Amino acid sequence: MIRRVVQGLGLGFCLMGGSTALAAPCGNTGQGFENWKAAFAREAAAEGVGPRGLEALQGARYATRTIAADRNQKSFRYSLEKFMQVRGADTIVAQGRKRRARDAAFYDALERQYGVPSGVLIAIHGMETGFGGFMGDTSVVSAIVTLTYDCRRSDFFRPHAIGALKLVDRGSITGQTKGARHGELGHTQFLPGNALAFGVDGNGDRRVDLYNLTDAMASTAYFLRQKGWRPGAGYRQGEPNFAVIEQWNAATVYQQAIALMAARIDGG
């Protein structure tokens with residue numbers, strides 16, 4: 001049986017004392033990053049980040065490759081056909097079917113517990129990391145802190161920066177843990193705030209580790225269920241659960257690709 005241990009969200013959007021005037025100012029270059037970190041450390045401490053998390057924040061470096069990647073996300077502007085070609089949809093489906101057949105008991109258990117079909121979970125796993133083949137080469141903490149400092153989408157990434165620092169406090173990651181360029185981590189590339197909120201101990205070792213396949217798949221299924229997944233309802237475009245895939249990734253072309261690949265993996 002898959003055991004669930006849900007981590008508390010603990011992510012605040014308001015500063016202690018209610019004054020947003022104290023918020024650390026964002027920036028569009030690396031200049032000023034160290035001063036911003038000092039101000040953000042005070043905010044993080046006020047929101048419950050402990051010594052280990054604050055030490056990881058202090059060690060964070062301005063991630064220039066993260067900023068470059070954030071400014072240049074071309075694939076989400078492709079047509080669906082081009083996107084699926086570039087992302088290797090046929091390979092994901094072929095390998096996904098083999099994984100489904102090989103580990104049927106595992107995926108059946110997930111579907112019984114969370115109601116999410118195996119094809120959806122496998123398609124996300126294949127799309128995000130090539131089934132764990134590459135889970136990133138960038139410090140999770142540095143990436144997510146850099147994106148919080150950057151003015152482009154600071155408000156979006158801020159709770160994930162707090163989440164990353166709290167994950168460090170809990171021992172789930174360290175300041176050196178590697179993930180994707182936008183700070184996503186593990187087999188299915190959870191943003192840190194989501195990892196904190198929806199992380200599941202799938203293998204029963206009393207630790208949530210999204211670099212462990214069992215934990216990552218259980219966490220992905222739990223996330224989708226908590227975001228409104230309706231067991232037994234369809235997930236293709238126009239069906240009830242298609243909108244839930246949007247909670248995983250906001251790009252329409254990504255959602256369409258996941259639904260199409262999942263249906264093929266599930267035999268639809």
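Scope of the values below: all heavy atoms of this structure, side chains included, with no hydrogens, waters or symmetry mates. Numbering of residues begins at 1 and proceeds along the displayed sequence. Computed from a predicted structure; not experimentally measured.
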Taking the side chain as C-beta and beyond, is there a heavy-atom pair between [X] and [Y] under 4.5 Å?
X      : Y      : result
His182 : Phe157 : yes
Leu80  : Leu260 : yes
Asp201 : Asp205 : yes
Glu111 : Leu121 : no
Met261 : Arg87  : no
Phe131 : Ile92  : yes
Phe106 : Thr214 : yes
Phe33  : Val145 : yes

Can you tell me how far [atom2] of [Y] sits from [atom1] of [X], rounded to the nearest 0.5 angstrom?
X      : Y      : atom1 : atom2 : result
Tyr114 : Met217 : OH    : CE    : 12.0 Å
Lys227 : Asn194 : NZ    : CG    : 6.0 Å
Asp155 : Thr148 : CG    : OG1   : 9.5 Å
Thr174 : Leu167 : OG1   : CG    : 11.0 Å
Glu246 : Thr252 : CD    : OG1   : 7.0 Å
Ile162 : Leu57  : CD1   : CG    : 8.5 Å

Report yes or no: does [X] contribute a side-chain atom to a donor-acceptor pair with the main-chain N or O of [Y] at less than 3.5 Å?
X      : Y      : value
Gln255 : Asn249 : yes
Arg153 : Cys151 : no
Trp229 : Gly115 : yes
Tyr211 : Thr177 : no
Arg152 : Asp70  : yes
Ser139 : Gly175 : yes
Arg97  : Arg264 : yes
Asp215 : Asn203 : yes
Glu184 : Gly179 : no

For atom [atom1] of [X], is the number of surrounding heavy atoms from other residues, nucleotides or ligands below 6.0 Å larger than 12?
X      : atom1 : answer
Glu239 : CD    : yes
Gln256 : CD    : yes
Arg65  : CZ    : yes
Lys98  : NZ    : no

Between Thr188 and Thr220, a side-chain donor and acceptor under 3.5 Å: yes
Side chains of Asp108 and Ser118, donor plus acceptor under 3.5 Å: no
Full working for salt bridge (charged side-chain N to carboxylate O under 4.0 Å, His left out) between Glu34 and Lys37: CA-CA 5 Å; Glu34 293 301 318; Lys37 282 198 308 179; 3.2 Å; yes
Which heavy atom of [X] sits nearest a heavy atom of [Y], and at what distance?
X      : Y      : value
Asn241 : Gly228 : OD1-O, 4.1 Å
Ser142 : Arg61  : OG-N, 3.0 Å
Ala44  : Leu54  : CB-CD2, 4.1 Å
Val140 : Gly183 : CG1-O, 3.4 Å
Val168 : Arg52  : CG1-O, 3.5 Å
Gly119 : Asp266 : N-OD1, 2.8 Å

Centroid-centroid under 6.0 Å between Trp248 and Phe223 rings: yes
Listed partners of Arg181 passing salt bridge (charged side-chain N to carboxylate O under 4.0 Å, His left out), at least two apart: Asp137
Residues in salt bridge (charged side-chain N to carboxylate O under 4.0 Å, His left out) contact with Asp169, at least two apart in sequence or another chain: none
Parallel, tilted or perpendicular: ring planes of Tyr149 versus Tyr62, cut at 30 and 60 degrees: perpendicular
Phe40 and Trp36 aromatic ring geometry - parallel, tilted or perpendicular at 30°/60° bounds: parallel
Step-by-step side-chain contact (heavy atoms from CB on, under 4.5 Å) determination, Val116 to Val244: CA-CA 11 Å; Val116 181; Val244 183; over 6 Å; no
Identified side chain to side chain donor-acceptor pair (under 3.5 Å) partner of His125 from the options Gln95, His187, Arg99, Gln189: His187
All ring pair (Phe, Tyr, Trp, His ring centres under 6.0 Å) counterparts of Tyr254, not counting sequence neighbours: none
